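Here is the structure we will look at.
Not measured: the values here are computed from a predicted model. For the numbers below, each heavy atom of this structure counts, side chains included, while hydrogens, waters and symmetry mates do not. Both counts, for ligands and for their atoms, begin at 1 and track the order of listing.
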Amino acid sequence: MEPLTYRSLRALRDAVCSGEVSAREITRAHLDRIAEVEPAISALLAVTTDGALAQADAVDAARSRGEELGPLAGVPIALKDVISTRGVATTCGSRILAGWKPPYDATVTARLREAGAVMLGKANCDEFAMGSSTENSAYGPTRNPWNLDRVPGGSSGGSAAAVAAGEVAGSLGSDTGGSIRQPAALCGIVGLKPTYGRVSRFGLVAYASSLDQIGPMARSVEDAALLLEAICGVDLLDATSVDAPPFSAEAVKRGDIRGLRVGVPREFMGDGIDGAVAAAVRAAVEALCSMGATAEECSLPTARHSLATYYILAPAEASSNLARYDGVRFGLRSEGGSGHAGMTEASREAGFGAETKQRILVGTYALSAGYYDAYYLRAQKVRTLIRRDFDAAFERFDVLVTPTSPTVAFGIGEKSDDPLAMKLADVCTLPANMAGIPGVSIPCGMDQGLPIGLQIMGRSFDEENVLRAAYAYEQATRWHTHRPEVAR
Ligand code: GLN
């Protein structure tokens, strides 16, 4: 039997329901695990011991009263620190929100609690989710459990590392350009960016609102599907959430993938993709075919403009969203400047890190009167072209398969002085955000002792086919059962 800290969500819930272990014992085991590995990994910005034990006790009490338990009863989770938690500090990895305690829960926070999940802590991330390595956190970097000298990816690096290291059974991240899928790939776990609108963004601190989406991170496809089932669905508090046909985790495991049409876009397999990564993805395509899928090379000709388009649109939206941190309403207030404007300027100067400041400047420039047409408006048009490329591809294919990240985890500090190299970490993930479609990353191999991620994308609101393909592949290859050294 696996130790409690590496059991699946379903196994944990079943153990609680049957009385084999209490939710409190599960929580304790994970808190012990956190104490053991956290000094090396730094995945969590806050460990909410008291709140967790109270939530666990509530689950145990409900069981002893004979009540039916929620689908995630007793399951220990962590939330990326851009997700609001009532009364629990939510810093977004930024000094400007140090110690800020939201007066309300995000919808996903509330839904997980209703499902019986136990929140153990808040996970480290790049400041306001801007980055690909978690090195932009004002609270120091998180380390990759597979190799402590490597980054865990980002921006949801803490959420990924905590799951890989067995500190929690699952977590939530947010994905604007790859921030769930890329760290999942680099830490050897499963990470799903749902369709834009599938999960409520109410209470998610906004980075680029037309791209942001919350999604699950876990050690298996089934676990990720169960988390998605718990958090998805329309929400009156988020007008962009969609009343789509419900997502069923059970359906993911049903049936086989015979006849599934797999497209392999050639733009994602050439220049800039590491040889070992491309080889692992090719082998994965063959594995899918041996299970009855058919695969064919295809093309998404405008997808290569995603990076340039993203770095106009995302900073533009960020410059607007981050205007609210003015030293008055939230978090840090600097006494440095004189007068209201001076105070705001001094607070923003002291509160924001370098990457965030740069993006605010770029975004403000792209939106300014003289340049709006040349940059923002043009980027919006290119975004439409990218979406149309995907629409055309999905007339011929059910899913598209690519690498998640062009390389395995890179070294801490390796790309800090090379912003372009850092941004290229997201070339394969950004297009799905441009098109709003779902994409999952699952482990598909190892190189240099580090995990490789496979990305599977699908039609809007077709998480079921995406995860069905992922599940079939995972069960046939079992890469997801590999554990990092820190886990032994
Ligand atoms: N790495 C990308 C960026 O820096 C994407 C981040 C994200 O998805 N939140 O903006």
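By the criterion of a heavy-atom distance under 4.0 Å, the side chain of D426, and not its backbone, is placed next to ligand 1. Heavy atoms of E355 found under 4.0 angstrom from ligand 1: none, in either backbone or side chain. Contact annotation: for Y311 versus ligand 1, heavy atoms closer than 4.0 Å belong to the side chain alone.
Atoms of ligand 1 found under 4.0 Å from any heavy atom of S155, numbered from 1 in the order shown, are 9 (N). Less than 4.0 angstrom separates some heavy atom of G131 from each of these atoms of ligand 1: 1 (N), 2 (C), 3 (C), 4 (O), 6 (C). Every atom of ligand 1 with a heavy atom of G177 under 4.0 Å away is listed here by number and element: 5 (C), 7 (C), 8 (O). Every atom of ligand 1 with a heavy atom of A129 under 4.0 Å away is listed here by number and element: 6 (C), 7 (C), 9 (N).
In terms of protein heavy-atom proximity, atom 5 (C) of ligand 1 is nearest to Y310 OH, 3.2 Å. Scanning the protein heavy atoms around atom 6 (C) of ligand 1, the nearest turns out to be S179 OG, 2.9 Å.
Each of V190, T481, L454 was checked for a side-chain contact (heavy atoms from CB on, under 4.5 Å) with P443, and the lone residue meeting it is V190.
Polar contact check, T176 against ligand 1: a nitrogen or oxygen pair lies under 3.5 Å apart. Residue-to-ligand polar distances keep K80 apart from ligand 1: every N/O pair is separated by 3.5 Å or more.
A cation-pi geometry, defined here as NZ or CZ lying under 6.0 Å from the six-membered ring centre and within 45° of its normal, does not hold between K357 and F352.
Between Y473 and C444, the closest side-chain pair of non-hydrogen atoms falls below 4.5 Å.
The closest side-chain donor-acceptor pair between T90 and T85 falls under 3.5 angstrom. Between the side chains of D223 and S8, not a single donor N or O lies within less than 3.5 Å of an accepting N or O.
Salt bridge present: K423 and E355 bring a charged side-chain N and a carboxylate O closer than 4.0 Å. For R329 and D326, the salt-bridge test passes: some basic side-chain N is under 4.0 Å from an acidic carboxylate O.
Using cut-offs of 30° and 60° for the angle between ring planes, the Y376 and Y372 rings count as tilted.
At least one heavy atom of G178 sits closer than 4.0 Å to an atom of ligand 1.
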